[in-house]
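Here's the structure we're looking at; comments come further down.
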Amino acid sequence: AAGGWVARCLLFGSKGSSAMAEQVVVGAQADDEEFVYIGGDQVVPDDVVRVRIDKSVKIIPREAFQGRRHLIYVEFHDGIERIEERAFAG
């Protein structure tokens, strides 16, 4: 998209529902106010709102984002092989 970037993301609703979407963000940079998740022993902030999964991540482990109640936007990439159970629970 001209002047922006395209993201494949998971949007979380207020009732815990989710939907995959392709979103064009015009005039934004990919790293605006986003936490970049690189996996491993990385600590995800409790108040995180937007996450971009780094291209090096192949598996999102169990409970990686559990309890991150402010999380409303996650940008994935095509190389993710597995999202483990409860990775985004409550």
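The CD1 atom of Ile80 lies 9.0 Å from the NZ atom of Lys58; values are rounded to the nearest 0.5 Å.
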Anything under 3.5 Å between a donor and an acceptor, one on a side chain of residues 60-68, the other on a protein residue two or more places apart or in another chain? List them.
| from | atom 1 | to | atom 2 | distance (Å) |
| --- | --- | --- | --- | --- |
| Arg68 | NE | Val44 | O | 3.1 |
| Arg68 | NE | Pro45 | O | 3.2 |
| Arg68 | NH1 | Gln66 | O | 2.6 |
| Arg68 | NH2 | Val44 | O | 2.7 |

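The two residues Leu71 and Val49 have their closest heavy-atom pair at CD1-O, 3.4 Å.
Taking the side chain to side chain contact (heavy atoms under 4.5 Å, CB included) definition, one finds that Arg82 meets it with Ile59, Glu84, sequence neighbours left out.
Judged as a side-chain hydrogen bond (donor to acceptor under 3.5 Å, both in side chains), not a single pair has a partner in residues 36-49 (not counting sequence neighbours).
Not a single donor-acceptor pair under 3.5 Å links the side chain of His77 to the backbone N or O of Arg52.
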